[in-house]
Structure formats: C-alpha cells, structure tokens
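Below: the structure, in structure tokens.
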Amino acid sequence: MGDRELRRARRILVGLAAGALSGLALRALAGDAGWLEAVVRYGSYPLGQVFLRLLFLAVLPLLLTALSLGVAEIGDPRRLGRVGARTFAYTFGVSALSVAIGVTLVHFFRPGEGFGAPQREALLASLAPEAKRVVENAARSASPIDALVSIIPRNPFEAMVRAFDGDMLGVMFFALVVGFAIATIPREKTSGLVVFLEGGYAVSLRLIDMAMAFAPIGVFALVFSLTARLGLDVVGTLGRYVGVVMLGLLLQQFGVYALLVRFLVGVSPRLFYRRMAEVMTTAFSTSSSAATLPVALRVSHERLGVPRDINAFVLTIGSTANQNGTALFEGVTVLFLAQLFGVELDLAAQAKVVLLSILAGVGTAGVPGGSLPLIVVVLESVGVPGEGIAVVLGVDRILDMSRTVLNVTGDVTAAMYVASREGSLVVPVEADPPA
Ligand code: ASP
C-alpha cells in the first residue's frame with residue numbers, strides 16, 4: 001500500500017480508539033451530566049454527521065458511473081451473464097451460511113429465555129416511540145411482489161432522489177440497463193457519454209478521497225458521540241443477545257471468510273485482512289456499506305487485484321444486495337424476540353425466517369440502521385409483534401457498526417471470487433510492512 005493509505009488507515013484506527021476510550025471515560029466520570037450532553041450535541045455529533053454527509057454526497061454519482069461503466073466494460077452479454085450469475089450464487093450461498101451460523105447459536109445459547117414479564121415490559125417501554133416510527137415505516141413498505149416490480153423505476157430521477165430511503169435497487173437497475181445499452185451500441189455513438197461517465201467516476205473518487213482526509217476526526221467524533229451518550233450500561237440486560245450476535249459475526253468474519261479466501265480464491269487470509277484494514281475500519285465507524293463503497297472499490301482494485309469492470313459490478317451491487325452480516329443479524333434478532341415473547345416457531349416458520357433474512361439482506365439499504373424496517377416485516381410474518389424491535393433498538397448501533405464490517409468484507413470476497421473464476425485476479429505484490 002502506498003505510504004499515504006497506510007498512514008491514513010492507522011490514523012483512522014487511532015481516531016476510533018481515541019473516540020471510544022475518551023467517550024467511555026467521560027461517561028464513567030460525568031454520567032448524565034448536562035455538559036457532556038452539550039459537548040456531544042453541539043460538538044462531536046454534528047462533526048460526525050459532517051463527515052458522513054461528505055461521504056454520502058459522492059455515493060450516488062459513484063454508484064451510477066461505476067456500475068454503468070462496469071457493465072459496459074464487461075460488454076459481452078455471455079460474460080455479463082456469467083459474472084451476474086456467480087455474484088448471485090455467491091451472495092445467496094454465503095448469506096445462507098451466515099444465517100445458519102446465527103440460527104445455530106441462538107438455539108445453543110437461547111438468549112431470549114429467562115426474561116421476566118416486567119423486565120420485558122421495561123425494555124419495550126424505554127424505546128417505544130422510536131419503535132413505533134420503525135413499525136410505521138415498515139407498514140408503508142410495499143408487499144414483496146410490488147417491491148420486486150418497483151425495482152424497475154418509472155422515473156430514474158425519482159429513484160435517485162429516494163436512493164437512501166429504499167430506492168437504491170432502482171438506481172442500480174437504471175445504471176445496469178444503461179451500461180448494457182452502451183455495450184450493445186457501436187462505440188462511436190456513445191464515446192461522448194462514456195467519456196462523461198469516466199469523468200464523473202474520477203470526480204466521485206476524488207470527492208471521497210477529500211472526505212476521507214477528514215476521516216480520523218470524523219471517526220473520532222462518531223464513536224465519541226456514541227460511547228459518551230450510551231456508555232456500556234446499555235448492553236447490560238441484553239448482554240447474552242449482543243454476545244450471540246457478536247460471536248456469530250466474529251465466526252463469519254474471521255472463520256468463514258478466511259476459509260473462503262483461502263480455498264475458493266487461493267489468497268492468504270493474513271494478506272487479505274491486512275489489506276482490508278482500511279475498508280473494515282471505515283465500515284465499522286460509518287455503519288454504512290454505501291459510505292464505505294468508494295474505499296472498498298479502491299482497495300479491492302489496487303491492493304487485492306480485482307479488475308476494474310468486475311470490481312465495479314460486484315461491489316456496487318453488493319453494497320446493497322450482498323449483506324451477510326445483516327442477514328445473520330436479522331435471523332438472530334427475529335429468533336431472539338420470538339423466544340422473548342414466547343412465540344413457538346416450528347421448523348417451517350424457522351425456515352421462513354432464514355429465507356426472509358437472506359432476502360432482507362438483499363433489500364436492505366447500505367445505510368445506518370437500514371435493516372430495521374425489514375426486521376419488522378420478518379417479525380410480523382412469523383407472528384412476533386413488530387413493536388418488539390424496541391427491545392433491541394438501544395444496542396442496535398454497536399451491532400450495526402459490526403455487521404456493516406461483514407457486509408463490506410463479504411462484498412470484497414465476492415468480487416475476488418468472481419474475478420478468480422474469470423481467471424482475472426492478480427493480487428499485486430506489495431512490500432507489506434511487518435505486522
Ligand atoms: N448498516 C448496514 C450497512 O450499511 C445495513 C444494516 O444492516 O442496517 O451495511
């Protein structure tokens with residue numbers, strides 16, 4: 001890695017650690033003191049939001065240009081079909097594996113049992129208003145068949161306007177068909193458009209690069225706000241549930257992906273994780289696959305050797321559609337809440353949870369908390385009250401940060417897998433400094 005990236009990755013990590021430690025320390029010292037809340041409200045919180053918004057600002061143009069250029073470059077419809085089918089099969093297979101890990105752990109540790117009714121009521125009451133909002137949003141979302149049909153936007157600009165509120169798949173569909181059309185028209189007719197898209201792509205990357213220069217401070221502010229406000233108490237009663245989700249995520253992140261990278265792609269897991277450090281820290285601190293997409297695109301191409309066309313195709317689609325961590329989280333959460341509310345799920349209902357969790361991973365927007373409305377849908381489809389989401393809202397942010405790391409790591413492993421199957425993965429040799 002270039003010195004610059006290495007220094008940046010280190011600085012982001014330092015920001016992350018400093019934010020977490022100082023937030024926790026001040027929380028321990030000051031508790032609910034007004035001045036600490038003021039520091040967060042008027043200082044660190046807006047600062048963190050500025051960083052996130054600077055990143056988000058470039059996501060839409062990046063996604064549009066990267067995906068349409070990626071498809072246009074893959075060109076040959078047969079190759080496109082192959083790349084698409086492999087991406088789809090990998091997404092489905094690995095998400096299924098993630099959910100299976102989560103479901104097994106819930107059965108083993110049974111985190112939802114042993115709660116008394118008063119404890120459950122207290123958990124429900126503390127976040128009831130937020131939960132109501134999530135449930136209302138979920139109720140507004142369309143039926144599965146309508147959702148499928150509306151992936152095709154009538155008005156691509158409208159889809160772009162609503163991209164972060166659930167229409168990202170519509171934007172992607174538009175970019176895909178534009179790319180496909182470019183590939184099938186003689187180049188002299190589209191050369192102007194291609195040059196325009198390439199310019200847009202380069203500018204988007206530059207915008208992200210500028211935002212990332214601010215990352216160490218932004219990440220510090222995001223993590224500080226979180227820990228200073230919540231401390232660790234919030235984990236308390238839900239410790240076993242949080243532990244099960246985290247254990248599942250860790251098994252997938254450092255077990256399953258290591259095996260996939262080693263045996264499906266033929267790359268050393270050590271090298272993989274080392275080069276992924278910047279991507280993983282960005283995902284963890286932003287809680288957003290979309291905001292991490294640009295960093296993932298750069299690292300996967302420059303440092304892990306995925307060719308640009310496959311990279312653009314798999315990673316941009318993956319940032320919304322391949323969310324292994326989210327799928328695992330959804331499966332665990334639904335089964336946990338079913339246990340908590342004493343709803344017996346027979347085998348068929350459990351199979352439904354698994355399938356819906358995988359699909360929810362596909363439909364979740366890559367933004368903080370993107371999976372919450374879909375959890376409500378899955379909960380209600382198996383007879384658990386949607387308001388139950390209130391129980392887990394308090395700990396969601398830390399779980400969100402963690403599952404986003406998997407979502408993005410999974411995307412990069414998918415890109416490496418597809419590239420290696422296409423015979424075009426060339427991992428560059430770098431003088432990696434000793435760990
Ligand atoms: N924050 C996640 C992501 O961006 C989505 C979610 O699970 O809420 O990947």
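Note that ligands are numbered from 1 as they come in the structure, with each ligand's atoms numbered from 1 the same way.
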Would you kindly say whether H107 and Q350 are connected by a side-chain donor-acceptor distance under 3.5 Å?
yes
Under 3.5 Å, N/O to N/O: give me all the pairs between ligand 1 and the protein, one per line with atom names and distance.
| unit_1 | atom_1 | unit_2 | atom_2 | d |
| --- | --- | --- | --- | --- |
| ligand 1 | 1 (N) | S287 | O | 2.9 |
| ligand 1 | 1 (N) | V367 | O | 3.0 |
| ligand 1 | 1 (N) | D400 | OD1 | 2.7 |
| ligand 1 | 1 (N) | T404 | OG1 | 3.2 |
| ligand 1 | 4 (O) | S289 | N | 2.8 |
| ligand 1 | 4 (O) | S289 | OG | 3.4 |
| ligand 1 | 4 (O) | G366 | O | 3.3 |
| ligand 1 | 4 (O) | V367 | N | 3.4 |
| ligand 1 | 7 (O) | T326 | OG1 | 2.6 |
| ligand 1 | 7 (O) | S371 | OG | 3.0 |
| ligand 1 | 7 (O) | R403 | NE | 2.6 |
| ligand 1 | 8 (O) | G370 | N | 2.9 |
| ligand 1 | 8 (O) | S371 | N | 2.9 |
| ligand 1 | 8 (O) | S371 | OG | 3.0 |
| ligand 1 | 8 (O) | R403 | NH2 | 3.1 |
| ligand 1 | 9 (O) | S289 | OG | 2.5 |
| ligand 1 | 9 (O) | N407 | ND2 | 2.8 |

Do R206 and D209 meet the salt-bridge criterion of a basic N to acidic O distance under 4.0 Å?
yes
In this structure, is the centre-to-centre distance between the rings of F272 and Y257 below 6.0 Å?
no
Short side-chain donor-acceptor distance under 3.5 Å, N324 and N322:
yes
Any ion pair linking K352 and D346 (charged N to carboxylate O, less than 4.0 Å)?
no
E37 with R229: basic N within carboxylate O range, under 4.0 Å:
yes
